[in-house]
Q: 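Sharing a structure with you now.
Values below: all heavy atoms of this structure, side chains included; hydrogens, waters and symmetry mates excluded. Just so we're on the same page: letters track the sequence lines, and every chain starts at 1.
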Amino acid sequence: MKAQSANTISHSDSIKNDFIHQIVAEDVKANKNEGRVVTRFPPEPNGYLHIGHAKSICLNFGIAAEYEGGKCYLRFDDTNPSKEDIEYVESIKADVRWLGYDWGERLRHSSDYFDQLYEYAIALIKMNKAYVCSLTTEQVKEYRGTLRDPGKNSPSRERSIAENLDLFARMKAGEFADGELVLRAKIDMAAPNIHLRDPIIYRLKKLPHQMTGDKWCIYPMYDFTHCLSDAIEDITHSLCTLEFEDHRPLYDWFLDTLNTSCHPQQIEFARLSLNYTVMSKRKLHELVENHHVSGWDDPRLPTLIGMRRRGYTPAAIRDFCDRIGVTKNDTSIEMGVLENCLRGDLDPKTPRVMAVLKPLRVVIENYPSGQVEQLEAPYHPNDASMGARQVPFSRVLYIEQDDFREVAPKKFFRLAPGREVRLRYAYFITCQAVIKNDQDEIVELRCTYDQETRGGSAPDGRKVKGTLHWVSEAHAITAEVRLYDRLFNQPHPGANGTDFKVALNPKSVEILPHSQVEASLANAKAGARYQFERQGYFCVDNVDSSEGALVFNRIVTLRDSWAKIEKANLGKKK
RNA sequence: UGGGGUGUAGCCAAGCGGUUAAGGCACUGGGUUUUGAUCCCAGCAUACCCAGGUUCGAAUCCUGGCACCCCAACCA
């Protein structure tokens with residue numbers, strides 16, 4: 001059953017019961033807000049979205065979708081033109097859409113409300129709850145006190161309402177230089193919560209804004225803007241991350257003091273953190289700007305645009321967000337969870353093909369030269385409806401270098417001198433000889449095949465332990481394959497005060513320019529996903545791949561129990 | 001005694017005074033398998049940060065500790 005419209009994801013089939021869902025459900029049941037559910041996803045357009053944002057997107061859009069008439073706004077929190085850019089606005093919209101969510105008519109910008117916000121500020125001044133402060137930046141800091149010690153009142157605190165009104169109007173009119181004056185809420189300089197010590201609500205910034213152009217030279221601060229924007233949109237539940245918990249009293253103070261008709265409930269949850277990567281905007285910016293990665297869409301990055309390029313699916317990311325849950329616990333999720341979601345989504349619907357990543361030449365000595373057979377190979381072993389294709393078999397093939405060992409270790413089921421294995425959907429072959437070059441490197445295998453085993457099974461019932469993937473040399477296509485691994489080799493890059501960049505994994509990408517893929521891939525389209533049998537899931541790169549010069553990104557490997565055994569063996573030897 | 005939070009398995013996470021303390025990932029065994037994949041089956045906390053207390057009964061309530069996270073941008 002799929003109650004899923006073209007652009008909206010249904011969450012009806014998985015009942016979520018985290019504490020936020022519980023609060024919303026109780027509110028609706030109690031008919032709070034007349035039973036409405038209105039949320040918002042409020043990114044600042046100063047960077048690209050990452051998987052941490054996906055958690056918030058899934059939560060906010062997801063909850064709204066669970067209720068009849070539920071709504072979720074996409075609101076750009078664009079109050080700081082010195083950091084924001086239209087480039088980010090477009091990418092954020094694309095990412096939210098890609099994830100599968102639709103904001104319909106509910107695209108907003110905080111800057112849409114600048115006029116109303118200005119009026120609210122004036123109202124505050126008139127109530128004697130805000131004042132224009134002449135302190136310098138340094139003085140503001142000094143007067144604020146410390147975590148332990150209370151602050152002290154600004155000399156500007158006792159300015160008359162009339163003077164404040166006049167000064168604020170002149171700030172707006174551009175009569176002062178940046179930094180000269182600020183508008184502050186008049187709360188309590190001795191408050192134990194630092195955010196309540198007369199927070200700045202407007203500052204001067206003679207900077208054009210991507211939406212409002214030159215109209216303003218004063219811009220409202222987050223705390224003032226956010227709660228009022230929520231109220232203007234009639235948001236019922238304002239979901240944000242834990243670090244804003246301390247801001248909640250301020251959030252409530254503005255709405256209570258201004259007596260807005262709507263007073264949303266701010267609820268905080270823990271942000272996502274994932275092992276072996278970084279999520280902070282500052283760190284991501286640094287990686288991109290200093291070229292530690294190729295750009296915001298580098299497939300190793302946890303950015304949505306990077307994951308999309310890597311081949312990750314929106315469904316897998318949504319599933320991941322469902323599985324990790326929503327709590328206030330400070331946690332870090334293992335990469336394995338994400339990888340498992342990917343495999344789970346990809347396995348049933350991804351066609352299987354054969355590709356030899358690191359080729360080793362194999363000559364079938366008893367196979368007639370010039371002969372070519374077309375062998376049928378299904379696209380999915382458990383789903384015949386996906387069809388099949390013909391793969392050409394001939395005298396000279398490639399197999400994976402890893403699939404041959406001159407001296408086979410314990411439990412190694414693959415090819416070795418004198419050993420027989422199956423070539424998938426083809427024949428049993430036996431290794432007869434190993435050819436080496438002057439450097440003693442293996443360059444070719446000479447094998448024989450058993451004609452009776454066509455298709456891959458022996459009429460006499462004999463078994464082989466290993467099945468290898470292969471391609472025909474004459475028919476295969478050379479392609480570039482990019483093997484991605486975790487970007488960092490420490491679970492928490494930058495932990496205990498170290499520079500997070502020292503944890504960068506030098507082997508986070510391995511480029512194989514001469515992989516050999518089966519001929520059926522000739523027309524593979526950008527973004528198409530395949531399982532390379534026994535290797536993993538791969539996606540045609542949507543930036544660098546072209547017809548005739550295919551580039552594949554590894555999305556995720558298959559589970560590999562042999563790798564585990566081998567690793568355990570290595571451990572024993574040491 | 002600045003303020004605000006959080007502590008259930010290796011990683012997440014249910015639990016809301018009476019349960020054999022859900023489930024997922026990971027891990028360990030076993031079965032199926034022409035992918036060492038998938039799938040299936042089984043195992044995996046006498047135990048809930050610690051110490052007291054209340055109660056017939058506590059992961060859930062109370063008291064006191066301890067550990068960790070966040071807050072002193074004219075950032076969001």
Q: Mind checking if A:Thr331 touches a base, just sugar-phosphate, or nothing, with heavy atoms under 4.0 Å?
A: sugar-phosphate
Q: Just compare B:U35, B:C74, B:C70 and give me whichever is closest to any side-chain atom of A:Thr467.
A: B:U35
Q: Counting the atoms with a prime plus P, OP1 and OP2 as sugar-phosphate, which does A:Lys564 contact under 4.0 Å by heavy atoms, base, sugar-phosphate, or nothing?
A: sugar-phosphate
Q: Measure from CD on A:Glu142 to P on B:C74 and round the result to the nearest Å.
A: 14 Å
Q: For the P atoms, the ones on B:G64 and on B:G2, what distance do you get once it is rounded to whole angstrom?
A: 16 Å
Q: Rounded to whole angstrom, note down the P distance from B:A72 over to B:A45.
A: 43 Å
Q: Ignoring hydrogens and angles, does a donor from either the side chain of A:Asp560 or the base of B:G36 sit under 3.5 Å from an acceptor on the other?
A: no
Q: Pick base, sugar-phosphate or nothing for A:Ile333, based on heavy-atom distances below 4.0 Å to the nucleic acid.
A: sugar-phosphate
Q: CG of A:Asp188 versus C1' of B:G3: gap in Å, rounded?
A: 13 Å
Q: Nearest to the side chain of A:Arg323, which nucleotide is it out of B:C71, B:C25, B:A37?
A: B:C25
Q: Base, sugar-phosphate, or nothing for A:His195, non-hydrogen atoms under 4.0 angstrom?
A: sugar-phosphate
Q: For A:Glu87 and A:Tyr48, test the side chains for any donor-to-acceptor distance below 3.5 angstrom and give the result as yes or no.
A: yes
Q: Polar atom pairs between nucleotides 14-16 of chain B and protein, under 3.5 Å, N or O only, would you list them?
A:
from: B:G15; atom 1: OP1; to: A:Asn17; atom 2: ND2; distance (Å): 3.2
from: B:G15; atom 1: OP1; to: A:Gln22; atom 2: NE2; distance (Å): 3.1
from: B:C16; atom 1: N4; to: A:Gln22; atom 2: OE1; distance (Å): 3.0
from: B:C16; atom 1: N4; to: A:Gln22; atom 2: NE2; distance (Å): 2.8

Q: Find the distance A:Ile51:CD1 to B:C12:C1' and express it as a whole number of Å.
A: 14 Å
Q: At 4.0 Å (heavy atoms only), tell me whether A:Thr225 reaches a base, stays on the sugar-phosphate, or touches nothing.
A: nothing
Q: Among the nucleotides B:C75, B:C74, B:G2, which one has an atom lying closest to any side-chain atom of A:Lys83?
A: B:C75
Q: Counting any heavy atom closer than 4.0 Å, what does A:Ile565 reach on the DNA or RNA strands: base, sugar-phosphate only, or nothing?
A: base
Q: Between A:Lys328 and A:Phe19, is there a side-chain heavy-atom distance shorter than 4.5 Å?
A: yes
Q: State, yes or no, whether a side-chain contact exists between A:His247 and A:Cys240 at a heavy-atom distance under 4.5 Å.
A: no
Q: A:Leu135 near the nucleic acid: base, sugar-phosphate alone, or nothing, with a heavy-atom cut-off under 4.0 Å?
A: base
Q: With a non-hydrogen cut-off below 4.0 angstrom, is A:Pro381 in contact with a base, only sugar-phosphate, or nothing?
A: base
Q: Answer yes or no: is there a side-chain heavy-atom contact under 4.5 Å between A:Arg170 and A:Leu181?
A: no
Q: Whole Å only: how far is the CG atom of A:Asn275 from the C1' atom of B:C25?
A: 12 Å
Q: For the side chain of A:Gln531 and the base of B:U35, is some donor closer than 3.5 Å to an acceptor across the two?
A: yes
Q: What's the CZ-P distance between A:Phe538 and B:U35, to the nearest Å?
A: 18 Å
Q: Using both distances under 3.5 Å as the test, list the Watson-Crick or G-U wobble partner of B:C74, or none.
A: none
Q: Looking only at atom C1', what distance separates B:U8 and B:G31, rounded to whole Å?
A: 33 Å
Q: Run the salt-bridge test on A:Arg405 and A:Glu566 with the 4.0 Å N-O cut-off and return the result as yes or no.
A: yes
Q: Decide whether A:Arg352 and A:His469 meet the rule of one side-chain donor and one side-chain acceptor closer than 3.5 Å.
A: no
Q: For A:Trp562 and B:G36, is the gap between ring centres under 5.5 Å while the planes differ by less than 30°?
A: yes
Q: Under the 6.0 Å and 45° cation-pi test, does A:Arg108 pair with A:Tyr73?
A: no
Q: Out of B:C69, B:A37, B:G3, which nucleotide sits closest to the side chain of A:Asp246?
A: B:G3
Q: Under 3.5 Å, is there a donor-acceptor pair linking the side chains of A:Lys281 and A:Asn46?
A: yes
Q: Choosing from B:C74, B:C25, B:A37, which nucleotide comes nearest the side chain of A:Ser561?
A: B:A37
Q: Compute whether any side-chain donor of one residue and acceptor of the other, for A:Arg40 and A:Ser238, lie under 3.5 angstrom apart.
A: yes
Q: Checking all strands, does A:Arg144 fall into the base, sugar-phosphate, or nothing category for heavy-atom contacts under 4.0 angstrom?
A: sugar-phosphate
Q: Base, sugar-phosphate, or nothing for A:Glu533, non-hydrogen atoms under 4.0 angstrom?
A: base
Q: When the C1' atoms of B:C12 and B:C27 are compared, how many Å lie between them, rounded to an integer?
A: 15 Å
Q: Using whole Å, what does the distance between atom P of nucleotide B:A73 and atom CG of A:Asp198 come to?
A: 15 Å
Q: Would you indicate which nucleotide in B:A73, B:G5, B:C25 comes nearest to any side-chain atom of A:Lys328?
A: B:G5
Q: So, is B:A73 syn or anti if syn means the angle is within 90° of 0?
A: syn
Q: Closest approach to the side chain of A:Arg534, judged atom by atom: which nucleotide of B:C75, B:C71, B:G36 is it?
A: B:G36
Q: Answer with base, sugar-phosphate or nothing: what part of the nucleic acid does A:Arg197 contact at a heavy-atom distance below 4.0 Å?
A: nothing
Q: The side chain of A:Phe244 lies closest to which of these nucleotides: B:U35, B:A73, B:A76?
A: B:A76
Q: Regarding A:Phe412, tell me which of base, sugar-phosphate or nothing describes its non-hydrogen contacts under 4.0 Å with the strands shown.
A: base
Q: For the side chain of A:Arg424, starting at C-beta, report the closest nucleotide among B:U35, B:G36, B:C75.
A: B:U35
Q: Please report the distance separating the C1' of B:A21 from the corresponding atom of B:C40, rounded so that it comes out in whole Å.
A: 26 Å
Q: Using the C1' atom on both, measure B:A14 against B:C50 and round to a whole Å.
A: 24 Å
Q: P atom, B:U63 versus B:U54: distance in rounded Å?
A: 15 Å
Q: Strictly by Watson-Crick or wobble contacts shorter than 3.5 Å, is anything paired with B:G43, and which nucleotide is it?
A: B:C27
Q: Just how far, in rounded Å, is P of B:C75 from OH of A:Tyr202?
A: 14 Å
Q: Go nucleotide by nucleotide along RNA chain B from the 5' end; which of A:Ser457 and A:Thr136 gets its closest nucleotide reached first?
A: A:Ser457
Q: Expressed as a whole number of angstroms, how long is the span from A:Lys205:NZ to B:A73:P?
A: 15 Å
Q: Any chance the side chains of A:Asp95 and A:Ser91 put a donor and an acceptor closer than 3.5 Å?
A: no
Q: Please work out if A:Gly336 contacts a base, only the sugar-phosphate, or nothing of the nucleic acid, heavy-atom cut-off 4.0 Å.
A: sugar-phosphate
Q: Going by modelled atom types, is there a donor-acceptor pair between the base of B:G4 and the side chain of A:Arg248 at under 3.5 Å?
A: no
Q: Hey, which sits more toward the 5' end of RNA chain B by its nearest nucleotide, A:Arg343 or A:Ile324?
A: A:Ile324
Q: May I ask which nucleotide in the shown strands pairs with B:U6, Watson-Crick or G-U wobble, both distances under 3.5 Å?
A: B:A67
Q: So, A:Trp562 versus A:Phe413, ring centres under 6.0 angstrom or not?
A: no
Q: So if I take every side-chain heavy atom of A:Glu334 and compare against B:U35, B:C11, B:C71, which nucleotide ends up nearest?
A: B:C11
Q: Between A:Arg323 and A:Asp319, does any NZ, NE, NH1 or NH2 come within less than 4.0 Å of an OD or OE carboxylate oxygen?
A: yes
